[in-house]
Amino acid sequence: MQFNERDLQRLIHALRSKGIGDERILKAFVSVPRHLFVPPGLEHKAYTDAALPIGGSQTISAPSTVAAMLTALQLSSRDRVLEIGTGSGFQTALLTKLVAEVYSIERNLSLLKEVSERLVRAGCGTAHLRAGDGMLGWSEHAPYDAIIVSAGTEEVPSNLVDQLKPGSRMVIPLKGRINLITKTRGGLRLRELSECQFVPLLPGHTES
Ligand code: SAH
């Protein structure tokens with residue numbers, strides 16, 4: 001596909017008009033070519049603010065949803081971040097532009113096997129990728145400065161809370177709303193951010 005600079009600028013404008021003002025995050029959206037993360041035939045929709053199917057009944061999240069979740073985490077370039085639900089790898093790619101180390105877990109092997117090559121083609125940094133059940137977290141590299149969960153759940157997975165640094169944040173779609181969770185000395189502080197539609201966080205892992 002011919003990359004269209006005007007479509008990208010329109011997307012950035014749409015993100016700004018939806019309240020995304022963090023220049024580091026907007027810059028990451030400019031530098032990661034989203035059309036490389038959508039299936040063949042859908043490239044013309046890559047710079048619209050829409051979730052799109054990526055196979056295996058999964059979706060690449062809408063840019064404004066990803067941007068809002070990243071904004072809520074208040075990431076610093078020194079952070080080590082755990083992502084649950086790699087999917088297309090687009091958000092993983094953005095994270096490589098924003099933080100020091102990215103750890104990402106995906107339960108669907110056929111989605112995951114495309115991601116590292118896509119990150120290279122997109123000119124992004126590397127991410128540590130793992131196939132498996134993200135609800136268990138990735139204890140070997142814990143604790144994390146931030147955790148981002150890209151699939152919806154009814155309960156906060158306790159393993160993820162355990163693997164978060166004290167004072168740190170997790171964003172997670174919880175009961176149909178994106179929640180920002182802060183791990184405090186007294187326990188968890190939850191703040192509802194917005195309504196959302198996410199594919200469900202499922203246990204175990206699968207080939208396709
Ligand atoms: N951020 C991704 C979102 C993909 S959709 C993107 O924009 O492309 C959510 C993803 O979470 C799916 O790929 C799904 O397979 C994955 N997923 C669901 N439950 C999971 C679990 N327990 N562990 C890891 N990944 C999971």
Side-chain angles (χ1 to χ4, degrees), residues 11 15 25 28-29 32-40 42-43 45-73 75 81-99 102-119 121-122 124 127-139 141-142 144 146-163 170-174 176 178 196-208:
L11 174 62
L15 293 178
I25 290 175
F29 271 87
V32 177
R34 192 168 183 257
H35 64 275
L36 298 182
F37 292 82
V38 303
L42 287 180
E43 292 95 338
K45 293 191 177 168
Y47 296 94
T48 58
D49 187 19
L52 299 169
I54 55 171
S57 310
Q58 305 304 320
T59 52
I60 176 172
S61 306
S64 57
T65 304
V66 174
M69 290 173 86
L70 293 173
T71 300
L73 287 175
L75 298 168
V81 176
L82 177 65
E83 174 187 52
I84 309 302
T86 321
S88 65
F90 177 66
Q91 182 177 269
T92 321
L94 295 172
L95 283 167
T96 69
K97 305 276 180 188
L98 294 167
V99 301
V102 182
Y103 299 87
S104 186
I105 309 178
E106 169 57 54
R107 71 183 293 279
N108 182 322
L109 296 182
S110 72
L111 288 177
L112 188 69
K113 68 176 194 271
E114 312 255 339
V115 173
S116 41
E117 197 190 308
R118 236 179 243 151
L119 291 177
R121 241 187 302 147
C124 296
H128 308 273
L129 303 175
R130 174 180 184 168
D133 182 356
M135 287 193 214
L136 305 176
W138 194 340
S139 58
H141 302 287
Y144 299 96
I147 298 181
I148 184 162
V149 183
S150 294
T153 176
E154 295 296 304
E155 274 177 48
V156 184
S158 61
N159 287 294
L160 298 185
V161 174
D162 292 345
Q163 292 175 28
M170 163 160 53
V171 278
I172 182 166
L174 198 60
I178 296 176
C196 61
Q197 276 194 319
F198 271 87
V199 297
L201 190 68
L202 299 171
H205 66 272
T206 168
E207 296 293 325
S208 61

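Since we're looking at a predicted model, the values are computed, not measured. For ligands, and for the atoms within them, numbers begin at 1 and follow the listed sequence.
Residue contacts with ligand 1 include G132, since one of its heavy atoms falls under 4.0 Å from the ligand. Between P203 and ligand 1 there is no heavy-atom distance shorter than 4.0 Å.
Of all atoms in ligand 1, numbered sequentially from 1 with element shown, those under 4.0 Å from a heavy atom of P200 are 18 (C), 19 (N). For ligand 1 and G87, the ligand atoms under 4.0 Å from any heavy atom of the residue are 4 (C), 8 (O), 13 (O). Against a heavy-atom cut-off of under 4.0 Å, L111 is close to the following atoms of ligand 1: 13 (O). Every atom of ligand 1 is numbered from 1 in the order shown, and the set under 4.0 Å from a heavy atom of Q58 is 12 (C), 13 (O), 14 (C), 15 (O). Below 4.0 Å from some heavy atom of T86 lie the following atoms of ligand 1, by number and element: 2 (C), 8 (O). Listed by number with element, the atoms of ligand 1 under 4.0 angstrom from any heavy atom of I60 are 6 (C), 7 (O), 8 (O). Residue V199 approaches ligand 1 through these ligand atoms, each under 4.0 Å from one of its heavy atoms: 5 (S), 9 (C).
Residue, atom and distance of the protein heavy atom nearest to atom 23 (N) of ligand 1 are G134 N, 2.7 Å. Atom 9 (C) of ligand 1 has as its closest protein heavy atom S150 O, 3.3 Å. Looking only at heavy atoms of the protein, atom 15 (O) of ligand 1 is closest to E106 OE2, 2.5 Å. Counting protein heavy atoms only, atom 4 (C) of ligand 1 is closest to T59 O, 3.0 Å. With hydrogens left out, the protein atom closest to atom 19 (N) of ligand 1 is L202 N, 2.9 Å, a heavy atom. In terms of protein heavy-atom proximity, atom 11 (O) of ligand 1 is nearest to G85 CA, 3.2 Å. Residue, atom and distance of the protein heavy atom nearest to atom 20 (C) of ligand 1 are R107 CD, 3.3 Å. Of all protein heavy atoms, the one closest to atom 7 (O) of ligand 1 is S61 N, 2.9 Å.
A donor-acceptor pair under 3.5 Å is absent between the side-chain atoms of N159 and the main chain of G137, judged by distance alone. A distance-only check finds no donor-acceptor pair linking the side chain of Y144 to the backbone of M170 [under 3.5 Å]. At distances below 3.5 Å, not a single donor-acceptor pair connects side-chain atoms of R130 with backbone N or O atoms of I105. One N or O on the side chain of R118 and one on the backbone of S88 form a donor-acceptor pair closer than 3.5 Å. Remark: side-chain polar atoms of Q163 are paired, donor with acceptor, to backbone N or O of L136 under 3.5 angstrom.
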Inset, instruction - Evaluate the criterion side-chain contact (heavy atoms from CB on, under 4.5 Å) for residue pair T153 and M135; output intermediate values, then yes/no. - result: CA-CA 10 Å; T153 176; M135 287 193 214; 5.9 Å; no

Inset, instruction - Assess whether side-chain contact (heavy atoms from CB on, under 4.5 Å) is satisfied between L201 and R107, documenting all intermediate values. - result: CA-CA 9 Å; L201 190 68; R107 71 183 293 279; over 6 Å; no

Inset, instruction - In sequence, state the C-alpha distance, the side-chain angles, and the governing distance for F198 and I178, and then conclude on side-chain contact (heavy atoms from CB on, under 4.5 Å). - result: CA-CA 10 Å; F198 271 87; I178 296 176; 4.2 Å; yes

Inset, instruction - Evaluate the criterion side-chain contact (heavy atoms from CB on, under 4.5 Å) for residue pair H141 and H128; output intermediate values, then yes/no. - result: CA-CA 10 Å; H141 302 287; H128 308 273; 5.7 Å; no

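Proximity of T92 to ligand 1, defined as any heavy-atom pair under 4.0 Å, is not found for any part of the residue.
Using modelled atom types, one finds a donor on one side chain and an acceptor on the other under 3.5 Å when comparing S150 with Q91.
An N or O contact shorter than 3.5 Å is missing between V66 and ligand 1 by distance.
Taking CG from D133 and CD from E106, the interatomic distance works out to 10.5 Å, rounded to the nearest 0.5 Å. Here Y47 contributes atom OH and H35 contributes atom NE2; the two are 4.5 Å apart, rounded to the nearest 0.5 Å.
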